[in-house]
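Residue numbers begin at 1 in each chain, while the letters A, B, ... track the order of the sequences. All figures in this text were calculated on a predicted structure; none of them were measured in a lab. Below, all heavy atoms of this structure are taken into account, side chains as well, without hydrogens, waters or symmetry copies.
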Number of protein chains: 2
Amino acid sequence: MAVTDEAIEKIKGMIVSGALRPGDRLPKESELAAGLGLSRNSLREAVRALALIRILDVRQGDGTYVTSLDPQLLLEALSFVVDFHRDDTVLEFLAVRRILEPAATAMAALRISEQQLDALTAQLDKLGDAPSVEDLVACDLEFHRGIVRSSGNSVLCSLLDGLSGPTTRARVWRGLTQEDAVGRTLREHRAILAALRDRDAEAARSWATVHIASVEQWLRSTL
Amino acid sequence: MAVTDEAIEKIKGMIVSGALRPGDRLPKESELAAGLGLSRNSLREAVRALALIRILDVRQGDGTYVTSLDPQLLLEALSFVVDFHRDDTVLEFLAVRRILEPAATAMAALRISEQQLDALTAQLDKLGDAPSVEDLVACDLEFHRGIVRSSGNSVLCSLLDGLSGPTTRARVWRGLTQEDAVGRTLREHRAILAALRDRDAEAARSWATVHIASVEQWLRSTL
DNA sequence: TCGCTCAAGACCTCCGACGTATCAGGCCAT
DNA sequence: ATGGCCTGATACGTCGGAGGTCTTGAGCGA
């Protein structure tokens, strides 16, 4: 195994074992390199790789730190990875989202706070009846994110955040092509919100399913 | 932005835009570095980072290639990330798995082939009635993976693979050793398999839920 | 035709140097 | 005494070059 890969494993080991805790500062590059028995250049490659997936946070002039290791932060790397997928796998991502999002929405129905409900309502109100497609998609993303966040599971939240990326494009496309898509989306959002307000988990789940299935159906018929 | 980060973005751009396709070979380090306007050292950091998340595949003495970009390959990076999480977030990962796995099992009930069913049966038979914990864990992993693969969604498959990472699972099972978990797991596996054979999606979903919920419950009571 | 040898090509590792950003402490004016 | 500015130390950022190692494939001989 290359020395750089060894270094990645060793640094990972130090974190997993607890020798390095979130927020801790690593020894400076030259010292760490000496400690791990490799050159500064090779060590930097390892550090850079770990920084890309948000394990480490390097700050020029300051030092290198272990990030908070929050699921939210780490799964952010997921969206980077998802970006590489082309349209032919979008349907698979959407299918996973179709599983997760209704479940998350149902969970949210039992936990969401009144303030959150009001915030969501305000958000929909602000959008109006005939928003531009770009505004609608942006709002759609924010609406669902707000709900999922109320599910109380940050892993689930980050995962859906990452998965929603690639389907965003498709939604824009759809809004531009399909006539009634805008109005339909608005109505479905209202329905989901109403179910949440009623604390009706099953209704919320169903509306979320319908909401995503309509996108999926359209996408499937178009490809 | 640092030149290395720029290089990462540019290489990503080349792949996403289609200038570089899966399997393509990149220009050699020195040329690519010159082309992107940075030093070979800095370029190597970028390449190494992309190699860690399986976007690039570097082969010493040969060259650097774009990987197949299969969801399976890219989401493999997920398990690396999951490894960093401690026990307090394991429950959240398990909760996501509890959503996905039953859904995947239900999907499999409608699509799984006879050969796959026979293979799963043979696998359980081979394990016997009183397997070692190590064997059981390995079998458990393989059993579920076989089912999920039959769901026909490779993204879902990779995602679950990452979530049920060896670290998480191993730790959970070690503690379960003393309980009646072994026999219970075997019985539940049989039940899931029977439901699949009956093409009974709802039964399969339920048994999968029960299966995971029991682990979750135990874990929750232990932490 | 098969197997071996060997040289070219490409990545691997290291070194040393210099550029640049950050932070902490001292200095000075208010 | 307090606040702001300046400066030096520190640590990451970037670079160019020199060998080293591994893979590949062409060329050669049995």
Side-chain angles (χ1 to χ4, degrees), chain A residues 1-15 19-69 73 76-77 80, chain B residues 1-15 19-69 73 76-77 80:
Chain A
M1 188 192 286
V3 290
T4 302
D5 295 313
E6 283 181 35
I8 292 177
E9 287 302 320
K10 285 178 183 172
I11 296 174
K12 176 180 176 181
M14 286 192 282
I15 296 175
L20 284 175
R21 313 191 121 275
D24 277 1
R25 177 180 180 163
L26 274 69
K28 63 178 170 185
E29 289 182 344
S30 56
E31 286 179 8
L32 186 55
L36 297 179
L38 41 64
S39 75
R40 198 178 143 229
N41 265 333
S42 299
L43 172 68
R44 277 182 58 78
E45 291 181 17
V47 169
R48 171 71 65 176
L50 291 171
L52 180 68
I53 57 176
R54 307 293 206 276
I55 301 296
L56 297 180
D57 178 24
V58 294
R59 305 176 203 160
Q60 181 178 152
D62 185 355
T64 302
Y65 299 80
V66 179
T67 66
S68 65
L69 297 180
L73 202 58
E76 217 174 80
F80 186 92
Chain B
M1 189 191 286
V3 290
T4 302
D5 295 313
E6 283 181 35
I8 292 177
E9 287 302 320
K10 285 178 182 173
I11 295 174
K12 177 181 177 181
M14 286 191 282
I15 296 175
L20 285 174
R21 311 190 125 274
D24 277 1
R25 177 180 180 161
L26 274 68
K28 62 177 169 184
E29 287 183 345
S30 55
E31 286 178 10
L32 186 55
L36 296 180
L38 42 66
S39 76
R40 222 188 108 234
N41 268 332
S42 300
L43 172 68
R44 277 183 57 77
E45 291 182 18
V47 170
R48 172 70 66 175
L50 290 171
L52 179 67
I53 57 176
R54 311 300 168 95
I55 301 295
L56 298 180
D57 178 24
V58 293
R59 306 177 202 159
Q60 181 177 167
D62 185 356
T64 302
Y65 299 81
V66 179
T67 66
S68 64
L69 296 181
L73 205 57
E76 216 174 82
F80 187 92

Picking from dC15(D), dC23(C), dT13(C), which would you name as closest to the side chain of Asp62(A)? dC23(C)
Rounding to an integer number of Å, can you tell me how far Leu43(B) CG sits from dG13(D) P? 16 Å
Under 4.0 Å, counting only non-hydrogen atoms across every strand here, what does Arg59(A) touch: a base, just sugar-phosphate, or nothing? sugar-phosphate
Nearest-Å distance for atom pair CG/P, residues Asp57(B) and dC22(D): 18 Å
Looking at Asp62(B), is its backbone amide N or carbonyl O close enough to the side chain of Arg25(B) to form a donor-acceptor pair, meaning the two atoms are under 3.5 Å apart? yes
Which listed nucleotide (dC15(C), dC12(C), dG13(D)) is nearest to the side chain of Asn41(B)? dC15(C)
Can you tell me if Ser42(B) touches the phosphate of dC15(D), counting only side-chain N or O atoms and a distance under 4.0 Å to OP1 or OP2? yes
Could you check whether any side-chain heavy atom of Tyr65(B) comes within less than 4.5 Å of a side-chain heavy atom of Leu56(B), counting everything from C-beta outward? no
Indicate, with a heavy-atom threshold strictly under 4.0 Å, whether Thr64(A) touches base, sugar-phosphate, or nothing. sugar-phosphate
Heavy-atom side-chain proximity of Leu50(A) to Glu45(A) below 4.5 angstrom: no
From CD of Glu45(B) over to P of dG16(D), roughly how many Å is that when rounded to an integer? 14 Å
Ranking Arg48(A) and Gly63(A) by the position along DNA chain D of their nearest nucleotide, the one closer to 5' is Gly63(A)
Is there a side-chain contact between Leu43(A) and Leu32(A) (heavy atoms, below 4.5 Å)? yes
Let me know, please, whether Val3(A) or Lys28(B) comes out on the 5' side of the other along DNA chain C by nearest nucleotide. Lys28(B)
Interatomic distance where CD belongs to Glu6(A) and P belongs to dC12(C) [whole Å]: 14 Å
Side-chain heavy atoms of Arg48(A) within contact of Asp5(B), under 4.5 Å: yes
According to a strict under-4.0 Å criterion, is Arg25(B) in side-chain N/O contact with OP1 or OP2 of dT23(D)? no
Send over the distance from Glu29(A) CD to dC14(C) P, rounded to a whole Å. 14 Å
Whole-Å gap separating P (dA10(C)) and CZ (Arg44(B)): 15 Å
Does OP1 or OP2 of dG13(D) have a side-chain N or O of Thr4(B) closer than 4.0 Å? no
Ranking dC11(C), dA21(C), dC15(D) by distance to the side chain of Gln60(A), first place goes to dA21(C)
Among dG13(D), dA18(D), dC14(C), the one nearest Arg40(B) by side-chain distance: dA18(D)
